[in-house]
Asker: 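Got a structure here, written out as structure tokens. Questions coming.
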There are 2 protein chains.
Amino acid sequence: MTSTEPQAQQSGVRPTKQRLAVAAALEATAGFHSAQEIHEQLGGSVGLATVYRTLTMLADAGDVDMMRNEDGEAIYRRCSGTHHHHLVCRSCGHTVEVEGPAVERWTNAIAAEHGYADVSHTLEIFGTCRDCR
Amino acid sequence: MTSTEPQAQQSGVRPTKQRLAVAAALEATAGFHSAQEIHEQLGGSVGLATVYRTLTMLADAGDVDMMRNEDGEAIYRRCSGTHHHHLVCRSCGHTVEVEGPAVERWTNAIAAEHGYADVSHTLEIFGTCRDCR
DNA sequence: ACACTTTTGACAATGGTTCTCATGCTGAGT
DNA sequence: ACTCAGCATGAGAACCATTGTCAAAAGTGT
């Protein structure tokens, strides 16, 4: 273990083996993965319920991105904490993180124009990457 | 890829009462609605399975838009055929269709820049509308 | 009206996700 | 190092949206 980061104790969030395992699994593989995939990837060493719980915590904390595939299943991906969007290849799943200040501004403007506050948004771009053509 | 079959002689798609009822329900109410909501709105006069089937058909035919709410449930909305995005109130579900030529251009540019072709995208804006504040 | 095909709907089945709760660990204090 | 109080875990049940099943009902062309 040898962990030298004594912090966030009062909040009672413990860095357990299971949580580290889930985080490591996301770290190790690129792209989006479902809770079940991660559970299998860990060989069942971490209970499915725990995987779900951990993933939800990580997503709430902003450490991972959560989105839904076409079947409505939740998929997670480790990514930078900054706000960004994804450019995903339909064929191979290769993903590029992109930023668009202009889009952020546009969404805020549109929302304000219609009297909406507390604005958030989701934006995903799909295409076929060079290697898949 | 089997959707355009003009010769509806043998494989006839019938405009039944149930299908018309579901379409009418979507027509009558603005915003997004789940299959279950429509089923209830129709007072159960149309079976839930039929509502699901009809909604799926309409979505496949492009007559309605289907998206997923934050819980991953499928929600449907009758809307114009032109490309646009939605500004949705988190609280009451009130929806405004918005267009953003600039966004379209931006997504295409970003995709091209990374070598992606055949570009499409999804964009949803969430906020709290004036009446819900 | 008849024969034939599509559609319907009650119910079962499916599958992802969450909940329950007894037991296991962790971190902190002694 | 030993003990304690709580958070964390995991096996399975519970949930719930969605889909599949299939016999009965409703349309359609003749």
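Throughout, protein chains are lettered first and strands after them, A, B, ... in sequence-line order, and every chain is numbered starting at 1. As the structure is a computational prediction, the values presented were derived from the model and not from experiment.
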Asker: Specify the separation, in whole Å, of atom CD of A/Glu40 and atom P of C/dG16.
Answerer: 10 Å
Asker: CD of A/Glu73 versus P of D/dT18: gap in Å, rounded?
Answerer: 13 Å
Asker: Do you know which two heavy atoms are closest between B/Tyr76 and B/Met66, and how far apart they sit?
Answerer: CE2-CG, 3.4 Å
Asker: Dump every N/O contact between nucleotides 22-24 of chain C and the protein below 3.5 Å, one line per pair.
Answerer:
none

Asker: Quick one: label B/Thr16 by what it contacts on the DNA or RNA (base, sugar-phosphate, nothing), any heavy atom closer than 4.0 Å.
Answerer: sugar-phosphate
Asker: Under 4.0 Å from OP1 or OP2 of C/dT8: is there any side-chain N or O of B/Arg19 that close?
Answerer: yes
Asker: Which of these nucleotides, C/dG9, D/dG10, C/dG16, is closest to any side-chain atom of A/Gln36?
Answerer: C/dG16
Asker: Once you round it to whole Å, what is the distance between P of C/dT17 and CG of B/Asn69?
Answerer: 13 Å
Asker: Taking the side chain of A/Tyr52 as its heavy atoms from C-beta onward, which of C/dT26, C/dT18, D/dT18 lies nearest to it?
Answerer: C/dT18
Asker: Tell me: CD of B/Glu37 to P of D/dT18, nearest whole Å?
Answerer: 10 Å
Asker: In terms of side-chain heavy atoms of B/Ala49, which of C/dT8, D/dG10, C/dC11 is nearest?
Answerer: C/dC11
Asker: Determine the contact category for A/Ser45: base if any of its heavy atoms lies under 4.0 Å from a base atom, sugar-phosphate if only primed atoms, P, OP1 or OP2 are that close, otherwise nothing.
Answerer: sugar-phosphate
Asker: Just the rounded figure in Å: distance from P of D/dG10 to NE2 of A/His39.
Answerer: 8 Å
Asker: Can you name the closest pair of heavy atoms from A/Leu42 and A/Ala21 and give their distance?
Answerer: CD2-O, 3.9 Å
Asker: Measure CZ/A/Arg68 against C1'/C/dG16 and give the value in whole Å, please.
Answerer: 9 Å
Asker: Atom CG in B/Leu58, atom CG in B/Asp65: separation rounded to 0.5 Å?
Answerer: 11.5 Å
Asker: Would you indicate, yes or no, if D/dA8 has its OP1 or OP2 atom less than 4.0 angstrom from a side-chain nitrogen or oxygen of A/Arg53?
Answerer: no
Asker: Which distance, rounded to the nearest 0.5 Å, do you find between the CZ of A/Arg68 and the CG of B/Asn69?
Answerer: 7.5 Å
Asker: Walk me through whether A/Tyr52 and A/Gln36 qualify under side chain to side chain donor-acceptor pair (under 3.5 Å).
Answerer: CA-CA 8 Å; A/Tyr52 272 106; A/Gln36 316 239 5; 3.2 Å; yes
Asker: For A/Leu42 and D/dT9, give me the distance from atom CG to atom P, rounded to whole Å.
Answerer: 13 Å
Asker: Take the angle between the ring planes of A/His85 and B/Trp106 and call it parallel below 30°, perpendicular above 60°, tilted in between.
Answerer: perpendicular
Asker: By nearest heavy atom, map B/Lys17 and B/Thr56 onto DNA chain D; which one lands nearer the 5' end?
Answerer: B/Thr56
Asker: Would you indicate, yes or no, if C/dG9 has its OP1 or OP2 atom less than 4.0 angstrom from a side-chain nitrogen or oxygen of B/Gln18?
Answerer: yes
Asker: Quick one: do B/Leu55 and B/Phe32 end up in the same hydrophobic cluster if we chain Ile, Leu, Val, Met, Phe, Trp and Tyr together by side-chain heavy atoms under 4.5 Å apart?
Answerer: no
Asker: Just the rounded figure in Å: distance from C1' of D/dA17 to CG of B/Asp71.
Answerer: 11 Å
